[in-house]
> 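For reference, the structure I am asking about is given below.
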Amino acid sequence: YLFDLYQPQGDNLTHRPLIIWMHGGGFVFGSKADNNTRLWSETFTRRGYVCAAINYRTGGITSIFSFDKLVKNSYRAVLCARQAVAYFRKNYKHFGIDPDKIILAGNSAGAIIALQTAYSSNSQLANELHMPKPAVDDGPTAVAGVINFWGGLYNINWLKNARVPIVSIFGSTDKIVRPDYHKGLYGGRAIHEQAGKQSITNAIKVFDGFGHELEKHFNPLPVHPGKKATKQRWLQAGQFAADFLYAHVLPL
């Protein structure tokens with residue numbers, strides 16, 4: 001699957017941390033070139049990270065009318081994310097990255113992928129989504145951290161599977177992925193509370209009065225650029241995540 005690579009310029013440093021960014025779009029729309037994915041990739045590169053914005057398998061447009069089909073689309077997307085981690089870990093020297101500092105990140109559907117990849121096994125995910133048992137099941141993919149921008153976890157008990165630091169950011173009035181629990185999805189607040197009980201390093205930032213994608217009135221149509229004020233909130237979300245990684249992931 002294709003990816004856009006963002007690398008710091010002007011030095012020859014190697015062993016940089018890598019962030020794999022996954023776009024939103026309900027497992028139907030979106031691409032690695034989305035405005036917010038590009039924004040975070042560019043700004044984190046200036047902080048010294050290598051960033052890879054990846055495409056992943058999405059479902060047909062008819063699936064937007066069925067929540068069951070939407071979540072089943074996420075299974076194939078998680079397999080893509082696992083493949084991406086394995087690819088960059090195998091080729092770490094070529095990209096100048098630290099194979100032990102690979103971070104999964106995404107917004108909305110992309111964050112859902114990141115969470116399931118880090119905390120669930122293929123068999124657990126298939127069972128949760130009522131899909132056939134996979135032929136291969138290697139457990140959760142080992143990563144150094146997760147950036148969860150307004151995504152959710154299908155089964156909160158999966159947090160017991162791995163001790164991966166996680167930072168969650170969301171709007172308090174999000175009606176797409178609600179902060180607590182809704183329609184089989186545990187949002188950022190629920191994850192924060194359960195992670196605390198499991199003594200998993202984590203943090204949250206809540207944008208009061210804002211909804212999905214940190215917008216006042218979320219526009220579900222693809223390829224909308226985002227208002228200037230929304231972009232400022234995206235930048236604030238990125239800064240909060242960067243501070244978390246600097247404090248809790250990079251020193252490990």
Side-chain angles (χ1 to χ4, degrees), residues 6-8 10-11 13-22 36-37 39-53 81 85 88-89 92 95-108 110-119 140-153 156 158-172 177 179 186-208 210 214 231-252:
Y6 299 76
Q7 295 174 298
D11 61 54
L13 294 179
T14 59
H15 253 53
R16 294 183 182 275
L18 168 72
I19 302 179
I20 298 176
W21 288 99
M22 290 167 286
N36 43 18
T37 302
L39 180 71
W40 294 316
S41 296
E42 291 169 355
T43 54
F44 271 84
T45 298
R46 291 197 289 270
R47 295 182 176 105
Y49 294 82
V50 174
C51 293
V85 173
F88 284 107
R89 185 162 281 144
Y92 74 96
F95 294 107
I97 61 175
D98 184 342
D100 296 322
K101 291 290 189 296
I102 297 178
I103 298 151
L104 291 176
N107 59 299
S108 193
I112 291 173
I113 297 167
L115 288 162
Q116 289 10 266
T117 302
Y119 287 104
T141 298
V143 292
V146 171
I147 298 175
N148 168 29
F149 286 169
W150 39 98
L153 193 61
I156 201 71
W158 290 345
L159 289 172
K160 298 177 181 178
N161 292 338
R163 304 199 61 77
V164 180
I166 176 173
V167 55
S168 297
I169 298 172
F170 53 88
S172 65
V177 179
Y186 293 86
R189 183 177 289 114
I191 291 171
H192 171 64
E193 292 173 356
Q194 186 64 26
K197 295 177 183 177
Q198 299 293 329
S199 299
I200 296 172
T201 300
N202 78 102
I204 60 170
K205 180 177 178 63
V206 183
F207 284 78
D208 288 326
F210 293 96
L214 304 186
K231 290 182 179 180
Q232 288 301 313
R233 288 187 287 275
W234 291 344
L235 287 171
Q236 292 171 30
Q239 184 61 62
F240 186 85
D243 291 343
F244 175 84
L245 295 180
Y246 185 78
H248 301 292
V249 174
L250 299 188
L252 298 179

> Sequence neighbours left out, what passes side-chain contact (heavy atoms from CB on, under 4.5 Å) with Ser172? Give chain and number order.
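Per chain and number, Ser172 pairs via side-chain contact (heavy atoms from CB on, under 4.5 Å) with Val206, Asp208.
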
> Could you label the plane-to-plane angle of the Phe149 and Trp21 rings as parallel, tilted or perpendicular, counting under 30° as parallel and over 60° as perpendicular?
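Aromatic pair Phe149/Trp21 classed tilted.
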
> In Å and rounded to the nearest 0.5 Å, what is the CH2 to CG distance from Trp234 to Leu39?
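Reported to 0.5 Å precision, the distance equals 7.5 Å.
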
> Phe210 vs Phe207 aromatic rings, parallel, tilted or perpendicular, using cut-offs 30° and 60°?
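Perpendicular.
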
> Look up atom OG1 in Thr117 and atom CE in Met22, then write down how far apart they are to the nearest 0.5 Å.
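Rounded to the nearest 0.5 Å, the OG1-CE separation comes to 5.5 Å.
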
> Output a table of donor-acceptor pairs, distance under 3.5 Å, between side-chain atoms of residues 194-205 and any protein atom two or more places apart or on a different chain; print 'none' if there are none.
| unit_1 | atom_1 | unit_2 | atom_2 | d |
| --- | --- | --- | --- | --- |
| Asn202 | OD1 | His192 | ND1 | 2.5 |
| Asn202 | ND2 | Ile200 | O | 2.9 |

> Between atom CD1 of Ile97 and atom CD of Gln7, what is the distance when rounded to the nearest 0.5 Å?
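Output value for this atom pair is 9.5 Å.
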
> Could you tell me the separation between the CH2 atom of Trp158 and the CD1 atom of Ile191, rounded to the nearest 0.5 Å?
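One gets 11.5 Å once the value is rounded to the nearest 0.5 Å.
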
> OG1/Thr14 to OH/Tyr92 distance, rounded to the nearest 0.5 angstrom?
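If we round to the nearest 0.5 Å, Thr14:OG1 and Tyr92:OH are 10.0 Å apart.
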
> Can you name the closest pair of heavy atoms from Gly171 and Pro179 and give their distance?
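Heavy-atom minimum between the residues: O-CG, 3.8 Å.
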
> How about Ile169 and Ile147: do any of their side-chain heavy atoms sit closer than 4.5 Å?
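A side-chain contact under 4.5 Å is absent here.
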
> Could you tell me which non-hydrogen atom of Gly151 sits nearest to which non-hydrogen atom of Ala111, and how far apart they are?
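Result for this residue pair: CA-CB, 3.6 Å.
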
> Looking at Ile112, is its backbone amide N or carbonyl O close enough to the side chain of Gln116 to form a donor-acceptor pair, meaning the two atoms are under 3.5 Å apart?
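Between the backbone of Ile112 and the side chain of Gln116 there is a qualifying donor-acceptor contact (under 3.5 Å).
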
> Which atom pair, heavy atoms only, marks the closest approach of Phe44 to Gly238?
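Looking at all heavy atoms of both residues, the closest pair is CZ-O, 3.3 Å.
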
> Looking only at non-hydrogen atoms, find the nearest pair between Ser41 and Cys51 and report the distance.
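Shortest heavy-atom separation between Ser41 and Cys51 comes out as O-SG, 3.7 Å.
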
> Any non-hydrogen side-chain atom of Leu159 less than 4.5 Å from a side-chain atom of Ile166?
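The answer is no, as the side chains (C-beta and beyond) never meet within the 4.5 Å cut-off.
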
> Would you call Asn107 and Trp40 a side-chain contact if the rule is heavy atoms closer than 4.5 Å?
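Asn107 reaches Trp40 side chain to side chain.
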
> Are any side-chain N or O atoms of Arg16 and backbone N or O atoms of Gly96, one a donor and one an acceptor, separated by less than 3.5 Å?
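No; judged by distance alone, with no hydrogens or angles, the pair does not exist.
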
> Any non-hydrogen side-chain atom of Phe170 less than 4.5 Å from a side-chain atom of Val177?
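Side chain of Phe170 against side chain of Val177, heavy atoms only: no contact under 4.5 Å found.
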
> Show your reasoning for whether side-chain contact (heavy atoms from CB on, under 4.5 Å) applies to Leu250 and Tyr49.
CA-CA 11 Å; Leu250 299 188; Tyr49 294 82; 3.6 Å; yes

> Where is the tightest heavy-atom contact between Gly188 and Ser168, given as atom of each residue plus distance?
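It is CA-CB, 4.1 Å.
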
> Evaluate the side-chain proximity of Ile103 to Val143: yes if any heavy-atom separation is below 4.5 Å, no if none is.
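Heavy-atom side-chain distance check fails, nothing below 4.5 Å.
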
> Mind checking whether Val164 and Leu104 have side chains closer than 4.5 Å, heavy atoms only?
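Not in contact.
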
> Is any side-chain heavy atom of Leu18 closer than 4.5 Å to a side-chain heavy atom of Phe95?
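No; the side chains remain at least 4.5 Å from each other.
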
> Taking Asn161 for its side chain and Tyr119 for its backbone only, find out whether a donor-acceptor pair lies under 3.5 Å.
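A pair under 3.5 Å: yes.
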
> If you take all heavy atoms of Ala105 and Ile19, which pair is closest and at what distance?
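Reported closest heavy-atom pair: CB-CG2, 3.6 Å.
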
